[in-house]
Amino acid sequence: MLERIRSRTMFTGYNKKCYSCNFSPFSSNLRLMEHKTPTPTTTTTSSEWGSQAWRQLSRVRSSSPLIQCITNYVSMDLMANVLLSSGASPAMIHSLQEIPDFTPHVHALCINVGTLTPDWLSAIKAAVNTVNEMHKPWVLDPVAAGSSGFRFKACLELLALGPTVVRGNASEIIALHNGALDTNSRGADSVHESTDAVVAAKSLAQTSGSIVAVSGAVDIITDGQRVFGVHNGVPMLQKITATGCSVTALIAAFVAIDPSHPLEATTSALSIFGVAGEIGMISAKGPGSLRMHLIDSLNTLDEHTFLQLVKITNL
Ligand SMILES: Nc1ncnc2c1ncn2[C@@H]1O[C@H](COP(=O)(O)OP(=O)(O)OP(=O)(O)O)[C@@H](O)[C@H]1O
Ligand SMILES: Cc1ncsc1CCO
Ligand SMILES: [Mg+2]
């Protein structure tokens with residue numbers, strides 16, 4: 001594994017100053033739109049990004065943010081295990097009746113429309129309104145957004161409520177950007193490469209005010225101005241259902257501990273997940289065992305190994 005040292009790429013656009021501030025993980029005065037604040041341009045290496053991602057994972061591990069996940073039936077197990085193995089606390093609580101008692105206590109909310117029904121949509125909106133009122137971060141996974149009118153309308157309504165981050169695959173982000181149903185939809189699976197969605201992601205970030213992340217061979221992360229690429233992960237992650245859903249939940253955990261820097265937190269979460277996939281793949285025999293080794297790798301990942309494998313570039 002250690003010989004797989006990645007090259008370090010120079011890039012610009014990162015506000016280093018933000019990372020030297022004394023951030024209080026769970027302060028109540030979070031501003032969801034803070035990433036829109038203009039930042040001075042400095043030069044930062046991929047290894048500095050790697051160090052920052054490691055610090056953020058360390059904070060997830062030490063502070064164990066509580067992440068409420070209103071997600072689909074398929075992803076509940078893997079998502080909860082990915083959060084647990086990364087150090088966060090998952091809570092798969094989705095009943096409308098429980099939201100007034102529980103949601104005010106969470107550090108971030110993960111919303112996923114994978115198996116959406118009208119009842120669940122009501123619960124989702126109630127939970128989103130609660131965290132919005134409390135200025136806490138929330139992340140939207142628009143699973144199969146372009147596959148049906150009901151789902152598409154729901155995704156647009158949720159987008160209008162101002163998610164901190166939207167993470168989807170390329171087809172989902174392109175459908176949201178196009179504002180139309182996807183007649184070639186394959187449901188939860190993408191028919192596009194992530195790099196096909198750069199323009200759509202930037203535009204969607206500009207119109208929504210959200211950070212937009214597109215997963216794929218290269219994960220794309222943008223605030224509408226800056227665009228970063230995470231070159232980690234293995235293709236077999238696509239053969240495990242709900243790895244995308246789970247990395248969205250991991251983004252929620254990272255945004256929970258650094259809500260003032262959602263662009264950077266999202267980039268970090270995707271890189272941690274991708275590196276864990278690469279390490280897991282060394283021992284895996286196929287998707288089934290990769291799923292197990294991915295969870296193990298998230299649990300045991302160490303700084304030295306991560307810093308050797310992480311690759312983040314300016315796109
Ligand atoms: N070709 C690839 N090479 C490396 N990593 C990949 C590749 N494709 C996807 N990944 C990684 O797999 C994870 C899931 O991404 P994917 O795009 O498959 O999500 P998704 O389609 O939303 O999945 P799901 O809906 O099943 O949860 C991400 O961490 C991504 O970086
Ligand atoms: C396969 C599938 N269908 C609805 S949600 C889901 C999990 C991956 O998004
Ligand atoms: Mg998905």
Side-chain angles (χ1 to χ4, degrees), residues 4 6 53 69-83 86 92 94 110-117 120 124 139-148 150-151 154-155 165-176 182 185-197 201 212-221 228-254 266-281 284 287 290-291 293-295 297-298 301 309-313:
R4 297 171 62 197
R6 304 302 180 97
C69 304
I70 305 186
T71 188
N72 63 72
Y73 293 114
V74 187
S75 69
M76 285 183 188
D77 179 282
L78 184 61
M79 185 181 286
N81 278 299
V82 161
L83 285 171
S86 306
M92 319 326 255
H94 61 253
C110 176
I111 296 297
N112 180 304
V113 300
T115 51
L116 193 67
T117 66
W120 277 41
I124 285 170
V139 178
L140 173 65
D141 191 325
V143 179
S147 299
S148 77
F150 167 66
R151 189 179 287 258
C155 286
V165 182
V166 180
R167 195 295 312 170
N169 63 38
S171 293
E172 291 156 354
I173 298 303
I174 289 170
L176 288 177
D182 181 357
S185 170
R186 294 188 65 82
D189 290 339
S190 184
V191 296
H192 299 87
E193 299 297 323
S194 55
T195 43
D196 298 336
V212 175
V214 188
S215 56
V218 181
D219 299 318
I220 313 283
I221 307 98
F228 300 123
V230 174
H231 306 253
N232 291 111
V234 291
M236 199 176 281
L237 286 169
Q238 296 169 92
K239 296 291 184 189
I240 308 170
T241 191
T243 49
C245 306
S246 301
V247 81
T248 303
L250 191 62
I251 290 168
F254 275 63
T266 302
T267 305
S268 296
L270 284 159
S271 70
I272 293 284
F273 192 84
V275 166
E278 289 175 31
I279 297 167
M281 196 64 217
L290 177 57
R291 187 183 193 279
H293 289 299
L294 170 70
I295 294 168
S297 299
L298 285 167
L301 186 61
L309 296 177
V310 61
K311 188 173 180 193
I312 299 170
T313 63

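Ligands are counted one by one from 1 in listed order, and the atoms in each one are counted from 1 as well. Being a predicted model, the structure only gives us computed values, none of them experimental.
Heavy-atom separations between D189 and ligand 1 are all 4.0 Å or longer. Using a 4.0 Å cutoff on heavy atoms, S190 does not count as a contact of ligand 1. Within the 4.0 Å heavy-atom cutoff, G274 does not count among the residues contacting ligand 1. A heavy-atom separation below 4.0 Å is found between D219 and ligand 1.
Each of the following atoms of ligand 1 lies closer than 4.0 Å to a heavy atom of A188: 21 (O), 25 (O). Close contacts of ligand 1 with N169, meaning ligand atoms under 4.0 Å from a residue heavy atom, involve 17 (O), 20 (P), 21 (O), 22 (O).
Proximity of C245 to ligand 2, defined as any heavy-atom pair under 4.0 Å, is confined to the side chain (atoms from C-beta onward).
Looking at V74, T243, T241, V230 and measuring to atom 14 (C) of ligand 1, the nearest heavy atom belongs to T243. Comparing T248, V143, T241 against atom 7 (C) of ligand 2, the shortest heavy-atom distance belongs to T241. Scanning G233, G187, S215, G216 for the heavy atom closest to atom 10 (N) of ligand 1 points to G216. Of the listed options E172, E278, Q238, Q238 places a heavy atom closest to atom 9 (C) of ligand 1. Here the shortest heavy-atom distance to atom 3 (N) of ligand 1, taken over P235, P142, S271, belongs to P235.
Partners of A276 according to the side-chain contact (heavy atoms from CB on, under 4.5 Å) rule, which considers only residues two or more places apart in sequence or in another chain, are L294, S297, L298.
Here OG1 of T266 is found 5.0 Å from CD1 of I251. Values are rounded to the nearest 0.5 Å.
For residues 70-80, every residue pair satisfying the salt bridge (charged side-chain N to carboxylate O under 4.0 Å, His left out) rule, not counting sequence neighbours, is listed here: D77-R291.
For ligand 1, the polar-atom distance check finds no N/O of F273 at less than 3.5 Å from any of the ligand's N/O atoms.
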